[in-house]
Amino acid sequence: MMLELLLNGRRLREPVEPHVTLLRFLRDQAGASEVKYGCGEGVCGACTVFLDAVAVNACSVLAVQAEGARVETVSAFAGDGSLHPLQQELIERGAVQCGFCTPGVVLGSIEAVRLGLAGDRMTIRRSLAGNLCRCTGYGKIVEAVEAYRDGEGAA
Amino acid sequence: MSVVGERPARVVGRALVRHDALEKVAGRTRYAADFGLPGMLHAVLKRADLPHARLLRVDTSAAEAVPGVASVLTAKDVPENTVWVDVPGQTFQVGALKARTNVLADGVVRYHGEPIAIVAAETEDAALASVELIDVEYEELPVVTDAEAALEEGAPLVHEQGNLIASWQLQEGNVDAALNATHAVVEQSYETQFVDHAYLEPEAGVAWLDTDGVITVRAATQVIEHFRDLARILRVPDNRVRVIAPYVGGGFGGKEDMTVEPYLALVVQRTGRPVKMVWSRSESLLAREKRHPMKLRYRTACDAEGRLLAQDIGIVADGGAYALLSALVLLYATTCSQGPYRCPNVRIDARVAYTNHTPASAMRGFGAMQVALGYEGQMDLLAAELGLDPLELRRRNFLEGGDTLAVGQTLDTHVALPDLADRVEAALGPKPEPSTRGRRVGRGVACNLQPYGRCVWLNDWSSAWVGFELDGTLVLRIGVPDIGGGQASSLVQLAGEVLGVDPAEVVIHIGDSALTPLTGTTTATRQLYMSGNAVLQAAGELREELRPLAAELLEAEPDDVEFAGGGARSGERHVAFRDLIAAAAKRQVPWHRLSIFRAPGGDAWRSEASWRGRVFPDFTYGCHAVDLEVDPETGRIDVLRYLAAHDVGRAINPQSVEGQIEGAVVMGLGYALSERVVYEDGVNLTGAFAQYLIPTAVEAPEIEPIVVESGEGVGPFSARGIGEPPVGAVAPAVAAALADALGRRLTVLPFTRERVAEA
């Protein structure tokens, strides 16, 4: 069947098999390799994308469920030479090591701050519980989210 | 302020933003699975359904008939399917073992998930459909799933030569006499579990046939030198295989042995077409090598003042179904099993056995981690016996520079343990009160030692190329795989320091066995030490080659020339690299340099004499402390505070050092509290990430790293390695805190809620 959606502002019209997940569609058919496969079972959060502005694990959504939707990946937040303030904080605070979880962490954290779920450090940690990281121990990610949230509040 | 030689450092010692972070945070880094080629096949493995069985029949006809299938390969199709590896470590009793490793199972499968066949097809769906149709007829064989049982007479044999993979034996002084004539003796057994690396990036790669018939494999790996192993398997000359390591999504030792590489290379050799393979998470959990479980038995004695007199240590490790790196893992365990403590009488009997479990091999800590649960547990037991503070007892026994370990290695750099203990103690403050009634708070400390750099018997070396382009920009070429620890960016920082170039303007080409000078594996906490020294050497030699010319251009004495600010200067005069290199090119003064750094070497292990002496280049030491709250009813544990102090000699990038410490501590907490690969009669039951519980941001506490710079270490600018060391002290610190809270010591990892509630 034909699938039509808006990927990072770009209109896509592609044939897709009904059993194909949004993750597989994005990676294999739409060239969005910034969306990572980490587990395929909705546990690790490496494939987090915004589906109509809501963070979802792309591995746990069928591509056809995104019909007519607005899909955003981490690429939507990093233009040529410019970064989202959260991305900037992550870099400056050393919160990026292997970087494989990072695209998911960026989207999950942006949503948490937008929804007001990033209060004290423990609530930030709760809001990150769906994004596993094996390298950093999370501390520097939490600091980055905190700094970004404070920056947003000031803005 | 950081000082390099006589003058303040420009970039070393600064928390520079890593050059790879920008692309990673924007999602632009092309990891192994993010790459493809036109006309690429997709390959999938057929894996064993049973842990031990004879293969009576492997029928691939139905699988081959699936539309879109390009090839199905089994053991008979592999030019050199069986690779025999010399395993060290049986030196004195039975001689070196010739260990068999199969690319594809040949006649027998020895563990659940062992690869039997490779299917390559036009699409992933076709490959997955085809692999289901491979018809395997098994004859089940008896399984052996306990390392001690495997070493008993009459145990089912995993390999025909017997189940002993390696054994290290040591005897220093007179242990029996010391045990009989001392003030206090404590005896305890400890047990560690199977653990998965659980990096976020599953094993993946793409391979193709390049010009000159070079089979090229671009894969997530810590070791591009596997091109040689691939050449052996394919039965082609070494120069016909090339391995490229892109930025890797986490390694931790799990991408040290080969993963997808041989299967990809075989498909390319057979079909001539590009091919991709990505392991699913469940495949990775099922069949990727694990951390060795160990059974530790300790008898430890001290005098009335708490000074250690004897350690009697038994280690039995589960090596799983193939030998891989078991002998070396056991060597690390053996060397470190006395802990960072002086002890005149030491006896160690260490053995690692084949079982029908997933092969065990490298994982961060590499044997030195498991034994920390034992040696630190013993220190706590002795402290309790003597009524001494646990840290005080340790202070009375800490190794010092100049001391000699039981293996015969004399420590020739500073041992900062007293300082680390002081720093931790000063930061700790009073023990917190429980948050509610019924809960208890416990405090634990633990110290450890971990080698950095490979065993000296391996005669390790690293090469690096540092040079300028004609426009004056700086380039590094070095075969280092970057697995996320900032391996590449630290090298950029070092070159920038020596040559006075802003690291942000340096480009580094890494991880290509054909095009970048080989620098050895990203394992064994060796890259900063080895590649760092190689880059330092190359950059320093390049600077000295350019110095006379720079002096001439600046009309200065060579000794007055300083390399800084993107060029050379003397007083007010400055020449930019653009002009200096243009002049160098005109005069045929070299403007690039290839250098080799050689680590101290050692004799081979095949004689009893050589076993005594230096085993490792150096060690990194640590002291950790944890406060945690336990609910004895439910077994729930909340880590309240975690301090981790390490002497890193010199922090090249303090932020990266903190990152290594924080990440390792959380990995150590997973090992201590929740992580376990579960087997039942050899069948791996941990098939999903939801069943393998690595810490989330909620379980992970705030870590307080304490970075001590003693100025002594064998890495560049006196740095010590920090990749592995901080993982080792965590489980024993947690065990001590639980014992403090509960009044009872847990000795079997992980300390799950069930076990804590039962304690």
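Nothing here was measured: the structure is a model prediction, and the numbers come from that model. Labels below follow one simple rule: chain letters A, B, ... track the order of the sequence lines, proteins then strands, and each chain is numbered from 1.
Heavy-atom neighbours of A/R114 CZ from other residues, nucleotides or ligands within 6.0 Å: above the threshold of 12.
For a residue to count as touching a neighbouring chain, one of its non-hydrogen atoms must lie under 4.5 Å from one of that chain's; by this rule A/L90 touches chain B with the side chain only. Contacts of B/F689 with chain A are made by both backbone and side-chain atoms, with heavy-atom separations under 4.5 Å. Contact of B/D20 with chain A is made through the side chain alone, with heavy-atom distances under 4.5 Å. Proximity to chain A (any heavy atom under 4.5 Å) is restricted, for B/T29, to the backbone atoms N, CA, C and O. Looking at B/L22, both its backbone and its side chain come within 4.5 Å of chain A, counting heavy atoms on both sides. Contact of B/F252 with chain A is made through the side chain alone, with heavy-atom distances under 4.5 Å. At a 4.5 Å heavy-atom cutoff, the contact between B/E658 and chain A is made by backbone and side-chain atoms alike. Using a 4.5 Å cut-off between heavy atoms, A/V96 touches chain B through backbone and side chain atoms alike. With a 4.5 angstrom heavy-atom cutoff, A/L132 touches chain B via backbone and side-chain atoms both. Heavy-atom distances place the side chain of A/E41, and not its backbone, under 4.5 Å from chain B. Contacts between B/V666 and chain A at a heavy-atom distance below 4.5 Å involve the side chain alone, from C-beta outward. Only the backbone of B/V248 comes within contact range of chain A, with heavy atoms under 4.5 Å apart. Interface remark: A/S75 contributes backbone and side-chain atoms alike to the contact with chain B (heavy atom separation under 4.5 Å).
The nearest pair of heavy atoms linking A/Q97 to B/K24 is O-NZ, 2.7 Å. Of all heavy-atom pairs between B/L200 and A/C44, the closest is CD1-CB, 3.7 Å. The minimum heavy-atom distance between B/D34 and A/S33, with the atom names listed, is OD1-O, 3.5 Å. Looking at every heavy atom in both residues, B/W279 comes nearest to A/Y37 through O-CE2, 3.7 Å. The two residues B/A697 and A/L128 have their closest heavy-atom pair at CB-CB, 3.9 Å. Across A/A78 and B/A26, no two heavy atoms sit closer than the pair CB-CB, 3.6 Å.
Ranked by non-hydrogen atom pairs under 4.5 Å with chain B, the options A/K36, A/H84, A/Q88 are led by A/K36. Of the residues considered (A/E143, A/R24, A/E92), A/R24 shows the highest number of contacts with chain B, using heavy-atom pairs under 4.5 Å. Between chain B and the residues A/E17, A/M122, A/R93, the largest count of heavy-atom pairs under 4.5 Å involves A/R93. Interface summary for chain B: among A/G130, A/G38, A/G31, A/A32, the most heavy-atom pairs under 4.5 angstrom belong to A/G38. Of all the listed residues (A/E34, A/R126, A/K140), the one sharing the greatest number of non-hydrogen pairs under 4.5 Å with chain B is A/K140. Listed options B/G36, B/G250, B/A688 were ranked by heavy-atom pairs under 4.5 angstrom with chain A; first place goes to B/A688. Per-residue counts of heavy-atom pairs under 4.5 Å with chain A were compared for B/L285, B/L16, B/D125; the largest is that of B/D125. Taking chain A as the reference chain and counting heavy-atom pairs below 4.5 Å, the highest number among B/E699, B/R28, B/M667 is found for B/M667. Put simply, of B/Y31, B/Y199, B/F35, the one with the most heavy-atom pairs under 4.5 Å next to chain A is B/Y31.
A salt bridge between B/E702 and A/R121 is present, with a side-chain N of the basic residue lying under 4.0 Å from a carboxylate O of the acidic one. A/D28 and B/K276 are not joined by a salt bridge, as no carboxylate oxygen comes within less than 4.0 angstrom of a charged side-chain nitrogen. Of the charged side-chain nitrogens involved, at least one lies within less than 4.0 Å of a carboxylate oxygen, so that B/E675 and A/R134 count as a salt-bridged pair.
Of residues 67-74 of chain A, those residues lying under 4.5 Å from chain B by any heavy-atom pair are A/V74.
Distance CD1/A/I91 to CD/B/E23: 10.0 Å, rounded to 0.5 Å.
Of the possible polar contacts, one joining the A/Y138 side chain to the B/P695 backbone as a donor-acceptor pair under 3.5 Å is found. For A/Q87 (side chain) and B/V25 (main-chain N/O), a donor-acceptor pair under 3.5 Å exists by modelled atom type.
At a threshold of 4.5 Å between non-hydrogen side-chain atoms, the residues B/R281 and A/V43 do not count as touching.
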